Every structure is written in C-alpha cells, then in structure tokens.
Amino acid sequence: MDDKEFAWNILWNDFIDVIKINVVSGAYTFLKTPDAVQDHSDIFTFFESSENLSQVYANDLAEYKAFLARKSIITNVFESPRNTKNYRRYINGEYHWVTMEFIRPADFSLQNPLVIFTQKLADEKICNENTAVRELNFNFYKILEVDLFFDTFSIVKVKDGEVPQGESAKKFLSQWLIEAMENGIVHEDDRDVFKRMTEVDYMRRYFLERRGNLRIRYRRKSRGEFRWVVFEAIPAPDFTLQNQNIMIYIRDIEDEYAEQMKKQKSLEKISFEDSLTGLQNRTAYNQTVQSLAKLSTGTCGVIFSDLNGLKYMNDNFGHAAGDKYLKSFSDFLKKSFRATSCYRIGGDEFITIIQDSTKEEFKQRTEAFINSVEALKDTSVSIGSAFGVLPASLEDLVSEAEQKMYAAKAKYHAEHPEVVRK
C-alpha cells in the first residue's frame, strides 16, 4: 500500500457516514454508513425520519432540523462550498459531538447539483466548549439588558418567538411583561406574585434598598406546556437612582426543580410515614392536631383502634409474626379509609380521622368498619369512636374515643382470658 492510499484509508475511517446527494431532487446514495439504513424516497425524508431524529440529543434537535431542512441545504450549498454544524448524536451507548458538513464540488451547478454530506466525530475541545454554550443557551428563555429609569430594554436572547417585531419592538419593559401575563405565558396561579414583583417601581425600590438579586420562581408556558422557570434580576454593581441598569435572566429549572421536589417528598415520606405499615406516623398525627386547632368551622370524627393480642403474638410466635399482624391490619385500614387519614401512633394503636362528615354519616361509617373488622379472620381489634364540631379539640375527641376503646378491650379480655394483656 502506497502512502497516498494509506493516508486515504485513515481519513476515510474518520467518517461516520458519507452520502452523495442531489440537493434539487433529493436523490441520495450512501457511500459509507455504519448501520443499515431504511429506504426513503429522498434525503430530506431520511433526515426527518424518526429513526434518524431519535439519535439526536434533545437540546440540539431544533438546530439540527433547521440545518438539514430542504430550503436551508439548497440556500447554503449555493452560497458556500462548505457548510458545517456541530451537534450531539447517540453513538455506541452514549452521546458524542459530531460535525456534519456539506461539501460542494468544483463542477457543482444547477444542472449538476451533486454534493457530498459527511459526518465525523468532533474535536474533544470543541465538544466541551460547545456543550457548555449549548446547555447555557438551551436553559435560558430570555436575557435582557434593562434600564429601569427609562423602563427600556434591549434583547440579548429570547426564544419561543417572543422577539417583538416592527413597531412592537419599541415596547417598554413593563408593557412587555404585562402582555406576557395577558397572553397566558405565565401560569394563572403565579400571575399575582409575578405581576407584583416585576413591576418596574417595585424593582427600583428593591435594588435601591440594596437587597441583592431578585428571584421569582414561576411556571412559564413554552411550546404548549408549563415548565418551572426562575426569573432573576441582577443590578449593576454601581446601581443608583441615576444608574438603574440591571440584567434579567429567565432560566428553565423544570428538571432540577422536579428532582428537588422528588427529594423533598422522599424526605417527607421518611418523616411522616411509618416505615413498617406505610400509614401516617406520630409526627404526622401531631402536625394534624396543630392544623385542626386552627380551624373554626367543620366537623371531625375519630376512630381509635387497638390490636388485641399483639404481645401474645410476639411472645409465642416471634416479632416477625407480630409485624405481619400489624401490617395486615394496616392494609385493611388503607382499604377502609384513605391512607392519609390513618395514623399509627403507638405499637398497636391506630387513629383514623374523618373530617367534614355529618354525625349520622360518621356513625354509619364507624359501624360498617366495626362490622367488617369483626368479620376478619385471625384479627381482633378493640375500637372506640368520638365525633365533634370544630373548634372542638382533636385531642379531646381522641381521649374520648380512647376511653371507649379501653371499654371494648376490657370486654375482649374478659371473654379471652388466655390472651395476656399488654
């Protein structure tokens, strides 16, 4: 093999694929491709196909599709002999930066509109720099330079087609933000806070008092769906009454906020859920007591349940059997009531709280529950209940239900002397 052939083979191996394309008709021929490619009527259909687009990283998809659109390709190759674009593509199990390029031969013309399209792995340095820039660009919806004194702004970056056109480009900042709310870009539940904190007079006072950066978290409509974003206004270091320059950034935080909420809910679950039974725990019960103490209207019913024979079960069959006994009754409680209304407040003590029912409805539910418990096999429960109209104390109702439960338990032990009392 001579040096020329050797060099050619090395260069050829650098390419992921090479395609000869007629940019007018769309006819194409793969000169090199690593994978089997489905047949398409023309190259534009191939570029737009799901099997091709599914390999492109989501943040790069819009630019990728724009670069490979029929009109863009034809315009670009007639204007320049080489056109390139970097993007991320899924290759061998992970995303890599890829450079795609249209190369126009010397004899290219309208009568001979053949070009070569190539794709190859991009340089690592370019990869790292492009990743940072692309991610920054993708996450920011809006970047504005603002002069609060004159209520004016200049656009550094805006996406989603929000760039004012023509005469509308002369809008004041306050007018633009108000129109964003009126056009439904801001979620209706967040509009009051957004309107109050983005008023120009409010921002002026905020920064003149040297409070630092102004941050607002709200839901913003983008491409037909609401996503969590953060609006951040940052004053110039020399911000004064005469120099009211600030920068405004609106950044997408949907994914990180969702992850944050997931972690928070996980912590709440650990904090308020009984690990054995999955019911609400004593901490959650105490919080409910405090919440109900603040209510002045409504009703509250309490059902106090105590498992009979848990000590007997633990002593004679082991704690694993006792845990199974507890879990079995807890599952029954969840089927009978909402799990968030049921609390395990002690080893074998359970409280169910029913709000905003009539006294008669509560009585019927309690009786139905007692009847269904009595029908259970291998499970015995002592039950007491109490009903009150708020602002009656939940603790008083629980105490009343507990006394009735103890009366039921005394009757049970009188009938079952073989079961050791706890």
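It should be emphasised that the depicted structure is a prediction, and the values quoted were computed from it without experimental measurement. All residue numbers refer to positions in the sequence shown, counting from 1. Reckoned from all heavy atoms, side chains included, excluding hydrogens, waters and symmetry mates.
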Would you give the length of the straight line joining atom [atom1] of [X] to atom [atom2] of [Y], rounded to the nearest 0.5 angstrom?
| X | Y | atom1 | atom2 | value |
| --- | --- | --- | --- | --- |
| Ser341 | Ile353 | OG | CD1 | 8.0 Å |
| Ile178 | Leu173 | CD1 | CG | 9.5 Å |
| Leu114 | Arg104 | CG | CZ | 13.0 Å |
| Gln280 | Ile351 | CD | CD1 | 12.5 Å |
| Ile370 | Ser372 | CD1 | OG | 9.0 Å |
| Lys221 | Glu225 | NZ | CD | 10.5 Å |

Tell me, please, which residues at least two apart from [X] pass side chain to side chain contact (heavy atoms under 4.5 Å, CB included).
| X | value |
| --- | --- |
| Ser357 | Ile354, Glu361, Phe362, Phe387 |
| Ala407 | none |
| Ser380 | Asn308, Tyr325, Tyr412 |
| Asn52 | Phe46, Phe47, Ser49, Tyr64, Arg89 |

Any residue meeting ring pair (Phe, Tyr, Trp, His ring centres under 6.0 Å) with Phe102, in chain and number order, not counting sequence neighbours: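 Here the qualifying residues are Phe67, Phe117.
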
Trace of the side chain to side chain contact (heavy atoms under 4.5 Å, CB included) decision for Thr379 with Val373: CA-CA 8 Å; Thr379 301; Val373 167; 5.6 Å; no

How far apart are the closest heavy atoms of [X] and [Y], and which atoms are they?
| X | Y | result |
| --- | --- | --- |
| Ala339 | Leu279 | O-CD2, 4.5 Å |
| Glu349 | Tyr406 | OE2-OH, 3.9 Å |
| Gly322 | Leu310 | O-CD1, 3.7 Å |
| Asn83 | Asn76 | ND2-O, 3.1 Å |
| Leu68 | Phe44 | O-CD2, 4.4 Å |
| Tyr285 | Val398 | OH-CG2, 3.3 Å |

Side-chain ion pair, Lys327 and Asp323, N-O less than 4.0 Å: no

Cationic N near anionic O, under 4.0 Å, Asp14 to Lys120: no

So does [Y] get a backbone contact from the side chain of [X], meaning a donor-acceptor N/O pair under 3.5 Å?
| X | Y | value |
| --- | --- | --- |
| Arg88 | Val98 | no |
| Arg219 | Val186 | no |
| Thr45 | Ser41 | no |

Residues which pass salt bridge (charged side-chain N to carboxylate O under 4.0 Å, His left out) with [X], listed by chain and number, not counting sequence neighbours:
| X | result |
| --- | --- |
| Glu179 | Lys171 |
| Asp331 | Lys334 |
| Glu199 | none |
| Lys404 | Glu400 |

Passing candidate, side-chain hydrogen bond (donor to acceptor under 3.5 Å, both in side chains) with Tyr343, options Thr277, Thr288, Thr352: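 By the side-chain hydrogen bond (donor to acceptor under 3.5 Å, both in side chains) criterion, Tyr343 pairs with just one of Thr277, Thr288, Thr352: Thr288.
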
Is it true that the side chains of [X] and [Y] contain a donor and an acceptor less than 3.5 Å apart?
| X | Y | value |
| --- | --- | --- |
| Ser174 | Asp151 | yes |
| Tyr90 | Ser54 | no |
| Thr99 | Asn86 | yes |
| Asp396 | Ser399 | no |

Step-by-step salt bridge (charged side-chain N to carboxylate O under 4.0 Å, His left out) determination, Arg82 to Glu101: CA-CA 7 Å; Arg82 301 179 84 97; Glu101 182 173 27; 2.8 Å; yes

Side-chain heavy-atom pair Ile234, Tyr249 within 4.5 angstrom cut-off: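 A side-chain contact under 4.5 Å exists here.
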
Verdict with supporting geometry, Asp274 and Arg344, salt bridge (charged side-chain N to carboxylate O under 4.0 Å, His left out): CA-CA 7 Å; Asp274 180 65; Arg344 183 189 179 198; 3.3 Å; yes

Only counting residues at least two apart or in another chain, list the ones meeting side-chain hydrogen bond (donor to acceptor under 3.5 Å, both in side chains) with [X].
| X | result |
| --- | --- |
| Gln119 | Asp17, Tyr87 |
| Asp192 | none |
| Arg215 | Glu232 |

Ring geometry between Phe226 and His187 (parallel below 30°, tilted from 30 to 60°, perpendicular above 60°):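 Perpendicular.
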
Aromatic ring pairing Tyr206/Tyr202, orientation class (parallel under 30°, perpendicular over 60°, tilted between): tilted

Asp238, CG: over 12 other non-hydrogen atoms inside 6.0 angstrom: yes

More than 12 heavy atoms of other groups within 6.0 Å of Glu395 CD: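 No - once you tally the heavy atoms of other residues, nucleotides and ligands closer than 6.0 Å, there are 12 at most.
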
